[in-house]
Amino acid sequence: MPELAEVEFIRKRWNPGLGHPVTRILVHEKAGVFRGTDPALLAKRLRHATLVSSAAAAKQMLFRFTLADGTAADLGVHLGMTGELTAQPAGYTPLKADHLILIQRERALVFSDFRMFGRIQFALGPEFPAWWTAIAPPILSPAFTPAALSAFLARRARAPIKPVLLMQERFPGIGNWMADEILWRAAIHPRQPAGSLTAAEQKNLYREIRGVARRALSTIGETLADPPKSWLFPHRWEDGGRCPKTKTPLARADIGGRTACWSPARQKLHP
DNA sequence: TCCTATGTTGTATG
DNA sequence: ACATACAACATAGG
């Protein structure tokens with residue numbers, strides 16, 4: 001379930017472990033979530049380390065530890081499609097899809113992911129690793145300007161706008177449901193070529209990208225509660241779903257390899 | 001059996 | 001080199 005705001009919420013699931021040392025670690029060394037990292041090294045170094053802080057950016061999380069010798073270490077988590085973080089009581093019995101468990105005296109911090117599209121990364125030292133610092137600046141930061149949006153749309157001119165919104169290099173944290181929500185609010189057809197948006201559409205798109213990100217973070221990011229019925233979100237997967245604005249039937253199709261959902265009554269293709 | 005799933009990445013093609 | 005399209009990754013559930 002993880003896009004921008006879900007990731008921010010799920011990050012906080014490990015908050016009960018802040019300030020506490022890890023006493024023991026369980027890893028599924030052969031799990032695909034460790035591709036590109038050495039799970040044995042991770043397990044060795046994080047034993048007796050203390051979790052000191054965490055952060056979320058785009059769809060990724062970073063957990064910082066202080067090792068017994070004072071060294072800093074960073075654990076990166078990407079949830080992929082089905083990744084989860086939970087904090088479980090002491091004595092927790094691991095399940096099949098639990099690939100990394102950090103055991104503390106009073107709890108177990110669990111990463112599970114049955115599909116294994118998620119990813120665990122690990123780095124030692126005080127500098128933040130490249131896989132963290134390379135994440136694009138947040139949509140709600142001053143770096144995300146109308147000019148930056150326009151320039152990006154121009155460079156992706158022939159591609160349908162929907163898959164363009166999924167590009168993390170410019171829209172960090174936007175995923176399939178947020179992209180559909182944004183286009184629905186901005187009244188732009190998901191197949192509209194990115195380079196063919198009018199000035200008015202670009203303005204609306206900019207506003208809705210920021211608006212959906214802000215509202216998602218302030219609601220889902222705090223409680224994980226589903227957005228209200230006035231959003232596209234609760235209707236996009238239901239059979240016979242209707243647009244909350246026009247009450248007309250929603251349409252669904254594969255666009256750029258993902259299922260897009262839109263309201264034909266308010267999102268029309270134009271030259 | 002076949003289809004779907006809130007994601008990324010490697011490869012082929014233009 | 002760059003933009004675009006698409007298969008592949010792995011698993012559960014309808």
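Just so it is clear: chains get the letters A, B, ... in the order the sequence lines come, proteins before strands, and each one is counted from 1. Since the structure is predicted, the reported quantities are computational estimates derived from the model, not experimental observations.
Base pairing analysis places B:dT6 opposite nothing; no Watson-Crick or G-U wobble pair with both distances below 3.5 Å involves it. Summarising the base pairing, B:dA12 is matched to C:dT4 through a Watson-Crick or G-U wobble pair whose two defining distances lie under 3.5 Å. Pairing for C:dA10 is absent, judged as Watson-Crick or G-U wobble with the two contacts each under 3.5 Å.
Counting to the nearest Å, the C1' atom of B:dA5 and the CD atom of A:Glu238 are 17 Å from each other. Taking atom CH2 of residue A:Trp237 and atom C1' of nucleotide B:dT4, one finds them 12 Å apart after rounding to whole Å. One atom, NZ of A:Lys162, and another, P of C:dC6, lie 15 Å apart when rounded to the nearest Å. Nucleotide B:dA5 holds its P atom 8 Å from the CZ atom of A:Arg258, rounded to whole Å. We find that CG of A:Asp113 is positioned 13 Å from P of B:dT8, with the value rounded to whole Å. Put simply, CH2 on A:Trp177 is 22 Å from P on B:dT4, counting in whole angstrom units. Spacing between atom CD of A:Glu3 and atom P of B:dT6 amounts to 8 Å, rounded to whole angstrom units. A:Leu165 has its CG atom 14 Å from the P atom of B:dT8, to the nearest Å.
In summary, A:Glu6 and A:Lys59 do not engage in a salt bridge, as defined by a charged side-chain N under 4.0 Å from a carboxylate O. The pair A:Glu208-A:Arg215 meets the salt-bridge criterion, with a side-chain N (NZ, NE, NH1 or NH2) lying under 4.0 Å from an Asp/Glu carboxylate O.
Among the heavy atoms of the strands, none lies under 4.0 Å from A:Gly257. Using a 4.0 Å heavy-atom distance criterion, A:Ala97 is classed as making no nucleic acid contact. The residue A:Pro160 sits close only to the backbone: its heavy atoms come under 4.0 Å of sugar-phosphate atoms, none of a base.
The backbone N or O of A:Phe233 lies less than 3.5 Å from a partner atom in the side chain of A:Glu181, making a donor-acceptor pair. Without hydrogens or angle criteria, A:His235 side chain to A:Lys229 main chain gives a donor-acceptor distance under 3.5 Å.
Between A:Pro163 and A:Ile255, the closest heavy-atom pair is CD-CG2, 4.0 Å.
Here the separation of B:dT11 from C:dA10, taken at their P atoms, is 15 Å to the nearest Å. C:dA12 and B:dT9: their C1' atoms are spaced 23 Å apart (whole Å). Look at the P atom in both B:dT6 and C:dT4: the space between them is 23 Å, to the nearest Å.
Aromatic ring pairs are classed by plane angle as parallel below 30°, tilted from 30° to 60° and perpendicular above 60°; the pair A:Phe171 and A:Phe144 is perpendicular.
Within the 4.0 Å cut-off from OP1 or OP2 of B:dT8, at least one side-chain nitrogen or oxygen of A:Lys59 is found. Phosphate proximity of B:dT8 to A:Gln168: present, with a side-chain N or O under 4.0 Å from OP1 or OP2.
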| message | Does the protein touch nucleotides 9-14 of chain B at the base, only the backbone, or not at all? Give it as B, S and - per nucleotide, heavy atoms under 4.0 Å. | response | S-----
| note | Going 5' to 3' through nucleotides 9-14 of chain C and flagging B where a protein heavy-atom sits under 4.0 Å of the base, S where only the sugar-phosphate is that close, and - otherwise, we get BBBS--
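With DNA chain B read from its 5' end, the first of the two nearest nucleotides for A:His78 and A:Thr259 is the one closest to A:Thr259.
In this structure, A:Lys268 forms no cation-pi arrangement with A:Trp262, as its terminal cationic atom is not both closer than 6.0 Å to the ring centre and no more than 45° off the ring axis. The side-chain tip of A:Arg236 does not point at the ring of A:Trp177 from less than 6.0 angstrom away and within 45° of straight on.
Listed by first and then second residue, the side-chain hydrogen bond (donor to acceptor under 3.5 Å, both in side chains) pairs involving residues 113-140 of chain A are A:Thr82-A:Asp113 (not counting sequence neighbours).
Side-chain contact of A:His99 with A:Glu29: a donor-acceptor pair under 3.5 Å is absent, judged by distance alone.
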